[in-house]
Amino acid sequence: MSAAVKYTLGRMGLFVVVVLALWPVDMNVFLKLMLALAFSAAASFFLLRGWRDEMAEEMALAAERRRAEKERLRSALAGDDQPDQADPHREG
């Protein structure tokens, strides 16, 4: 399972746990949801640090792969990947 999926499911799970903890409290439902969102965000900052760091590393590696592939394609389009081959259509 990817780190992004684990982290997202962890965030949603924390939100559900906090909503269920606030359910018996007598207050507006909208306020309960807002409090659950704030408390779960604060809790995830501490409880899900490992998954968040893993997700950030995974995203950084993906960005580096995309950058390398973009550079490879750019040099291939420019003809830099085959510098010593003669062009049969070129006079010389």
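Keep in mind the model is a prediction, meaning the values are calculated, not measured. Excluded from the calculations below are hydrogen atoms, water molecules and symmetry mates; all remaining heavy atoms, backbone and side chain alike, are included.
- V25 has its side chain out of reach of L35: every pair of non-hydrogen atoms, C-beta onward, lies at least 4.5 Å apart.
- Grouping the Ile, Leu, Val, Met, Phe, Trp and Tyr side chains by contacts below 4.5 angstrom, directly or via other members, places V16 apart from W23.
- Nearest approach of F45 to R52, heavy atoms of both residues: O-NH2, 3.0 Å.
- Salt-bridge check for R67 with E64: passed, with a basic side-chain N closer than 4.0 Å to an acidic carboxylate O.
- To the nearest 0.5 Å, atoms CG (D26) and NZ (K32) are separated by 7.0 Å.
- A distance of 11.0 Å separates OH in Y7 from CZ in R49, rounded to the nearest 0.5 Å.
- Of all non-hydrogen atoms in S2 and E58, the two that sit nearest each other are CB-OE2, 3.7 Å.
- Here CE of M1 is found 8.0 Å from CH2 of W51. Values are rounded to the nearest 0.5 Å.
- No single ILVMFWY cluster, assembled from side-chain heavy atoms under 4.5 Å apart, contains both V17 and L9.
- Linking Ile, Leu, Val, Met, Phe, Trp and Tyr residues whenever their side-chain heavy atoms come within less than 4.5 Å places L47 and M55 in a single cluster.
- Closest non-hydrogen pair, E54 versus K6, comes out as OE2-NZ, 3.2 Å.
- Taking all atoms of both residues into account, the shortest heavy-atom contact from L37 to F15 is N-CE1, 3.6 Å.
- Within the model, atoms CG of L73 and CD of E71 stand 9.5 Å from one another, a figure rounded to the nearest 0.5 Å.
- For the residue pair L48 and G10, the shortest heavy atom distance occurs at CD1-C, 3.6 Å.
- Between the side chain of S44 and the backbone N or O of A41, at least one donor-acceptor pair lies under 3.5 Å.
- At a threshold of 4.5 Å between side-chain heavy atoms, the hydrophobic network of Ile, Leu, Val, Met, Phe, Trp and Tyr places L31 and L33 in two separate groups.
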